[in-house]
Amino acid sequence: MKENLNISLVQSDIIWQQPDENLKRYEEKIASLKGRTDLVILPEMFTTGFSMDAADLAERMDGKSVQWLQEQASKLNAATCASLIIEEAGRYFNRFVFAHPNGGLDTYDKRHLFAMAGEHEHYQAGQERQVIDYQGWRILPQICYDLRFPVYSRNDLDYDLLVYVANWPDQRAYDWRTLLRARAIENQAYVAAVNRVGDDANGHHYQGNSCVIDPAWRHVLVEMNHTEGVCRQNISAEHLKKARQKLPFLKDRDSFDINE
C-alpha cells in the first residue's frame with residue numbers, strides 16, 4: 001500500500017449537455033497535475049450535468065468520454081474518475097468510471113436513484129457494491145444520493161477511502177457536509193467528495209464544498225469554496241492504521257449482506 005496518496009479534487013461548473021465543451025474545459029483544468037498527483041476526481045455526470053435525457057446523451061464504454069478518462073489517466077500518470085451516462089443493451093446507467101494509468105477500467109453503477117428528480121424512470125439501478133484496488137488503497141466509489149444510505153457504505157474493513165461524486169444542490173448543502181463527516185467517522189475511512197458548482201438548466205444552484213475528510217478526528221483536511229478550481233490533498237496509510245488501532249470499534253460492527 002502506498003504510504004501517501006495524493007488526491008486532486010476538480011470542482012467545476014458543467015455546461016449543460018455539452019460533452020465536447022466540458023471535456024475541453026476539464027483538460028485545461030487538470031493539465032498542470034501531471035506528475036503531481038495519484039488520483040483525479042471529477043463530478044457526477046461530468047460531461048452533461050444531472051440530466052434525465054439518457055437516450056439522447058448516453059455513450060458506450062468504448063465512447064469518447066471513457067476514452068478521454070483513459071487518455072488523461074495515462075497522460076497524468078494518475079487514476080482519473082467521474083460518473084457519466086452509459087448505455088448497455090438498451091439500458092441506461094449513471095456509471096462511475098475509474099480509469100487506471102495503465103488503461104484498465106473499474107466501474108460502479110449508482111445504486112440509489114434520486115426519485116424526486118425522476119432518475120429511477122430513466123436509469124437502471126446498480127446491483128453490486130464495488131471496491132477498487134489502486135496502489136494498494138482500497139477505494140469504495142459512491143454517487144451523490146448514495147450518501148444518504150449508510151448501510152450501503154458500511155465498512156466491513158474492506159476499504160480505506162470513500163469517494164463520492166455528486167451534483168448536490170446548495171439548498172441541501174448542510175446535509176452534504178454533515179453526512180460526509182458522518183461517513184468518515186462511522187467507517188474509519190478517509191472520504192474524498194467532489195461536487196459541482198454553478199447552475200443547471202433546471203434552475204438548481206450548486207455551491208461545491210468538495211472536500212477531503214480525516215478518518216479519525218473529524219477534521220476536514222481541505223474544503224473548497226463555491227467557485228471552480230482544483231485542489232490537492234495527501235492522505236496517509238500510517239495515519240489510517242493508527243486511527244483504527246487506537247479506536248478499533250469496527251470489530252463490533254453488525255453483520256449483514258448489503259447487496260440484498
Side-chain angles (χ1 to χ4, degrees), residues 9-27 29-30 40-73 79-100 104-130 132 139-149 152 163-169 193-206 208 210:
L9 311 179
V10 183
Q11 182 170 281
S12 180
D13 195 354
I14 301 175
I15 303 172
W16 186 249
Q17 298 184 350
Q18 296 295 322
D20 290 340
E21 289 300 312
N22 285 310
L23 293 178
K24 180 180 178 181
R25 295 176 76 243
Y26 288 125
E27 191 158 355
K29 287 179 171 66
I30 67 178
V40 178
I41 309 173
L42 300 123
E44 177 187 22
M45 292 196 184
F46 81 120
T47 59
T48 60
F50 189 60
S51 174
M52 299 302 105
D53 293 333
D56 292 334
L57 297 171
E59 300 183 34
R60 298 185 65 84
M61 285 298 292
D62 59 358
K64 61 186 175 183
S65 296
V66 173
Q67 290 179 5
W68 182 90
L69 287 169
Q70 291 176 301
E71 289 166 2
Q72 298 309 308
T80 305
C81 60
S83 97
L84 67 157
I85 304 169
I86 292 291
E87 182 269 328
E88 279 187 356
R91 298 188 300 173
Y92 304 102
F93 299 89
N94 185 347
R95 179 168 293 175
F96 181 101
V97 176
F98 187 101
H100 294 260
L105 293 173
D106 283 297
T107 64
Y108 159 72
D109 293 330
K110 186 177 183 181
R111 169 72 171 226
H112 300 94
L113 303 179
F114 190 53
M116 285 176 279
E119 189 178 13
H120 66 300
E121 297 174 354
H122 302 276
Y123 297 92
Q124 183 77 23
Q127 299 301 311
E128 294 185 9
R129 178 179 181 270
Q130 301 289 346
I132 298 166
I139 301 171
L140 182 72
Q142 302 272 274
I143 302 174
C144 204
Y145 194 43
D146 287 332
L147 177 59
R148 290 191 178 274
F149 302 92
Y152 199 60
V163 170
Y164 287 96
V165 297
N167 278 207
W168 193 284
V194 171
N195 188 27
R196 66 163 292 181
V197 293
D199 300 282
D200 68 18
N202 295 315
H204 298 301
H205 181 70
Y206 304 87
S210 302

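A distance of 8.0 Å separates CG in Leu69 from CG in Leu23, rounded to the nearest 0.5 Å. Note that the CG atom of Leu84 and the CE atom of Met45 stand 8.5 Å from one another [nearest 0.5 Å]. Rounded to the nearest 0.5 Å, atoms CD1 (Ile85) and CG (Asp53) are 8.0 Å apart. To the nearest 0.5 Å, atoms NE2 (His100) and OG1 (Thr80) are separated by 10.5 Å. Separation of atoms CZ (Arg111) and CD (Gln127) is listed at 5.5 Å; rounding is to 0.5 Å. For the atom pair CD1 of Ile86 and OG of Ser65, the computed distance is 7.5 Å after rounding to the nearest 0.5 Å.
Between the Gln11 side chain and the Ser210 main chain, a donor and an acceptor come within less than 3.5 Å of each other. Here the side chain of Thr107 pairs no donor or acceptor atom with the backbone of Val97 at under 3.5 angstrom. Listed for the Asp109 side chain is no donor-acceptor partner under 3.5 Å among the backbone atoms of Gly126. Between the side chain of Asn22 and the backbone N or O of Ile14 there is no donor-acceptor pair closer than 3.5 Å.
Under the ring pair (Phe, Tyr, Trp, His ring centres under 6.0 Å) criterion, Phe114 pairs with Tyr145, sequence neighbours left out. Every residue two or more places apart in sequence or in another chain was checked for a ring pair (Phe, Tyr, Trp, His ring centres under 6.0 Å) with His204, and none qualifies. Under the side-chain hydrogen bond (donor to acceptor under 3.5 Å, both in side chains) criterion, His122 pairs with no residue, sequence neighbours left out. The side-chain hydrogen bond (donor to acceptor under 3.5 Å, both in side chains) test applied to Asp146 returns Tyr108, His112, not counting sequence neighbours. Taking the side-chain hydrogen bond (donor to acceptor under 3.5 Å, both in side chains) definition, one finds that Tyr26 meets it with nothing, sequence neighbours left out.
In terms of heavy atoms, Trp168 sits closest to Cys144 at CZ3-O, 3.5 Å. Of all heavy-atom pairs spanning Val165 and Ser83, the tightest one is CG2-CB, 4.1 Å. Contact detail for Glu119 and Lys110: the closest heavy-atom pair is OE1-NZ, 2.9 Å. In this structure, Pro43 and Asn167 approach most closely via the heavy-atom pair CB-ND2, 4.3 Å. Residues Leu42 and Val194 come closest through the heavy atom pair C-CG1, 3.9 Å.
Asp106 and Gln130 share no donor-acceptor pair across their side chains, judged by distance under 3.5 Å alone. Trp68 and Glu27 form a side-chain donor-acceptor contact under 3.5 Å, judged by distance and modelled atom types alone. For the residue pair Glu44/Asn94, the side-chain donor-acceptor check at 3.5 Å is satisfied. If you check the side chains of Gln17 and Ser51, you find a donor sitting under 3.5 Å from an acceptor.
Put simply, the side chain of Phe96 reaches to within 4.5 Å of the side chain of Val163, judged on heavy atoms. Residues Met61 and Arg95 meet the side-chain proximity criterion, which asks for heavy atoms closer than 4.5 Å.
Among residue pairs with one or both ends in residues 56-70, those qualifying as salt bridge (charged side-chain N to carboxylate O under 4.0 Å, His left out) are Asp20-Lys64, Arg60-Glu87; sequence neighbours excluded.
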Margin query: Before you tell me yes or no, could you show the steps for Ser12 and Arg25 under side-chain contact (heavy atoms from CB on, under 4.5 Å), namely the whole-Å CA-CA distance, both residues' side-chain angles and the distance that decides it to 0.1 Å?
Written below: CA-CA 9 Å; Ser12 180; Arg25 295 176 76 243; 3.9 Å; yes
Margin query: Walk me through whether Tyr206 and Asp13 qualify under side-chain contact (heavy atoms from CB on, under 4.5 Å).
Written below: CA-CA 9 Å; Tyr206 304 87; Asp13 195 354; over 6 Å; no
Next item on the list: For side-chain contact (heavy atoms from CB on, under 4.5 Å), just list the numbers for Val10 and Phe46, CA-CA rounded to whole Å, side-chain angles, deciding distance to a tenth of an Å, and then say yes or no.
Entry: CA-CA 10 Å; Val10 183; Phe46 81 120; over 6 Å; no
Margin query: One pair to check against side-chain contact (heavy atoms from CB on, under 4.5 Å): Leu140 and Tyr152. What are the steps and the verdict?
Written below: CA-CA 10 Å; Leu140 182 72; Tyr152 199 60; over 6 Å; no
